[in-house]
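The block underneath contains the structure these notes are about, expressed in structure tokens.
When a residue number appears, it is its place in the shown sequence, counting from 1.
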Amino acid sequence: MQFGELVKALAAVESTTQRSVMVKLLASLFKKALPEEIDKVIYLILGDLRPPWEGLELGVGEKLCLRALAKATGTSQAELESMYKKTGDIGEAARRALASSKRPGLLAFGSQKPLEVSEVYDALIKVARATGEGAQDMKIALLSSLFARSSPEEGKYIARFVVGKLRLGVADMTIIEALADAYGVRKEDLERAYHVYPDLGHLAKLVASGKPLDEVKVTPGVPVLPMLAQRLSSSSEILAKLGGAAICEYKYDGERAQIHISQSGVRIFSRRLEDITHAYPDVVKAVREAVSAREAILEGEIVAVDPDTGEMLPFQELMHRKRKHEVAAAMEMYPTVLYLFDIVYVDGEDLTNEPLIYRRVKLSEIVHESDKVQIAKWQMFDDPDTVDVFFHEAVSVGTEGLICKSPTSEYEMGARGWNWIKYKRDYKSEMIDTVDLVVVGAFYGRGKRAGLYGAFLLAAYDPSSDMFYTVCKVGSGFTDADLKKMYEILQPLKIPHRHPRVSSKMEADVWFVPQVVIEVIGAEITLSPLHTCCLGAVRPGVGLAVRFPRFTGRYRTDKGPEQATTVAEMLELYKRQKKVAQPE
Ligand SMILES: Nc1ncnc2c1ncn2[C@@H]1O[C@H](COP(=O)(O)OP(=O)(O)OP(=O)(O)O)[C@@H](O)[C@H]1O
């Protein structure tokens with residue numbers, strides 16, 4: 001196909017206001033393409049040389065494009081820049097420059113063979129693949145000879161394409177419809193294939209050469225469209241919707257990761273199927289060590305954790321991974337844990353049609369849990385009250401709530417069905433004041449904190465029973481000096497068992513006589529079945545906990561344990577918290 005033909009179709013697509021006309025225009029263009037070039041036609045229309053998840057980038061900025069144009073047309077760069085500024089469209093600048101060009105040293109346009117789609121595509125691939133030393137000059141040379149051979153109208157689209165501003169508004173679904181129309185295949189079949197193998201160039205080639213779409217299979221290295229969740233706000237509704245029983249999993253607050261293990265190594269894809277492997281070298285390494293499979297596709301959530309305590313941090317802390325040059329530092333300051341919750345494929349076996357409960361078994365067979373790779377915490381329930389208790393536990397330890405799943409459901413690629421239902425809070429609260437809590441136990445530290453305590457179990461005081469009730473485990477906010485000091489002041493208070501005046505569901509590594517009081521602040525006070533403070537006061541079976549607690553740095557030596565924050569004050573603080581609406 002001549003490139004001019006594609007350009008004519010693009011101009012027509014651009015001028016139409018009707019989506020149905022757009023589909024028709026694309027369909028008639030596709031009909032004219034040969035099977036060996038249809039993929040190139042499609043990639044050019046979509047504005048990416050390869051499916052985006054392959055991560056091939058042209059590496060051409062506006063400056064470079066203008067330099068190539070200057071070289072091809074003999075127009076000065078300053079003039080090109082001012083044309084661009086005036087029109088706001090690099091394509092228009094290219095068109096004008098080519099139209100008025102004297103084409104120095106080259107044949108006049110029209111006296112040479114017209115450009116073919118394949119030639120343009122192949123040249124652009126070369127531009128993309130030029131890397132390393134001399135890459136810039138190479139890219140300019142390749143582009144300028146492409147411009148030199150193109151008509152003004154062709155140059156317009158090439159310029160827009162290379163700087164990533166094609167902006168035709170053609171979406172993947174538009175292409176799917178046009179392909180269905182052009183080749184007489186069912187749109188649903190194409191959609192299904194697309195969920196399994198989201199590469200429209202590849203699929204178009206199959207249909208154009210008359211190959212059946214059911215040959216398209218789940219393939220390690222090629223991301224599948226992720227299964228998504230609906231949302232409901234009560235556990236009874238959720239259980240009813242799921243037929244009475246549900247696998248409930250912690251809903252971790254991090255970045256969704258589709259992890260592919262194949263011959264070519266480990267690759268990680270985001271929720272939007274971008275290749276995010278470069279941001280998580282630590283996850284790649286941990287997966288290699290923890291997963292025993294030659295090939296697999298796993299699904300999980302990458303969560304930032306406090307390097308000293310291993311406790312989960314809010315999602316925002318992952319943002320430090322987004323800039324390439326910051327990844328190494330971010331790995332130190334914000335290490336991650338990968339929580340795996342599904343498996344789509346393992347060693348030649350496509351698991352998408354297997355029930356979740358079976359996939360869960362497979363997952364635990366091939367994953368050997370470590371500090372860095374764990375299986376998402378889950379439990380099966382058929383009673384709304386116990387779901388709620390699990391939900392409060394999940395929130396209090398720093399997750400967003402639960403994802404409740406039908407135990408018998410398949411892995412539905414690309415679907416937001418009712419087999420996965422998220423259960424989050426509508427409101428988040430904000431802790432309005434610090435609290436002074438008593439240290440009743442401690443947990444041994446790891447890594448930098450080895451030999452000291454890594455976290456402490458804290459309690460509030462109840463004057464009516466003269467007992468201490470636990471309310472959080474805190475490891476954040478302590479400097480190295482603080483940790484040493486804590487170890488020293490607690491040493492004489494060590495006892496071989498829980499103090500009789502302490503009520504706790506948690507098992508600490510070390511117990512103390514309740515005496516030391518420290519000041520703590522948290523993100524909020526939540527319900528939690530893990531702690532005994534105000535147990536049953538708000539809901540049966542659950543107490544109160546400080547979520548994301550941290551030491552403020554203040555030792556309340558002025559306070560004895562009986563002057564610590566009381567359980568009644570905790571309840572009051574819980575009730576008086578500011579509620580802020582949770583974004584969807
Ligand atoms: N155990 C789990 N099972 C499935 N997803 C989980 C789990 N834990 C955390 N998640 C995350 O929760 C996301 C869905 O919920 P959420 O509402 O937070 O995300 P969203 O981007 O707003 O919605 P969605 O991804 O459904 O469009 C999943 O995409 C996944 O990243």
Q.
Is any side-chain heavy atom of Phe341 closer than 4.5 Å to one of Lys405?
A. yes
Q) Is a donor on one side and an acceptor on the other found under 3.5 Å between the side chain of Thr399 and the backbone of Ala394? A) yes
Q: Determine, for Lys362 against Glu354, whether the closest basic-nitrogen to carboxylate-oxygen distance falls under 4.0 angstrom.
A: no
**Q.** Donor + acceptor pair across side chains of Asp172, Tyr194 (<3.5 Å)
**A.** yes
**Q.** Tyr411 and Glu299: side chain donor to acceptor below 3.5 Å
**A.** yes
Q) Taking everything shown except Gln136 itself, do over 12 heavy atoms lie less than 6.0 Å from its CD? A) no
Q.
Looking at Lys372, I want to see if its NZ is surrounded by more than 12 non-hydrogen atoms of other residues, nucleotides or ligands under 6.0 Å.
A. yes
Q: Inspect the contact between Arg267 and Asp275 and indicate whether a charged nitrogen and a carboxylate oxygen are less than 4.0 angstrom apart.
A: yes
Q) Less than 4.0 Å between a side-chain N and a carboxylate O, is that true for Glu116 and Lys40? A) no
Q. Is Glu188 salt-bridged to Arg192, cutoff N-O under 4.0 Å?
A. no
Q: Answer yes if the side chains of Thr352 and Asp350 hold a donor-acceptor pair under 3.5 Å, and no otherwise.
A: yes
Q) Honestly, is Arg160 close enough over Tyr157, meaning NZ or CZ under 6.0 Å from the six-membered ring centre and within 45° of the axis? A) yes
(Q) Looking at Val13, is its backbone amide N or carbonyl O close enough to the side chain of Thr16 to form a donor-acceptor pair, meaning the two atoms are under 3.5 Å apart? (A) no
Q. Does the side chain of Tyr358 pick up a donor-acceptor pair with the side chain of Asn353 at under 3.5 Å?
A. no
Q: Decide, yes or no, whether a salt bridge links Glu255 with Arg321 under the criterion of side-chain N to carboxylate O below 4.0 Å.
A: no
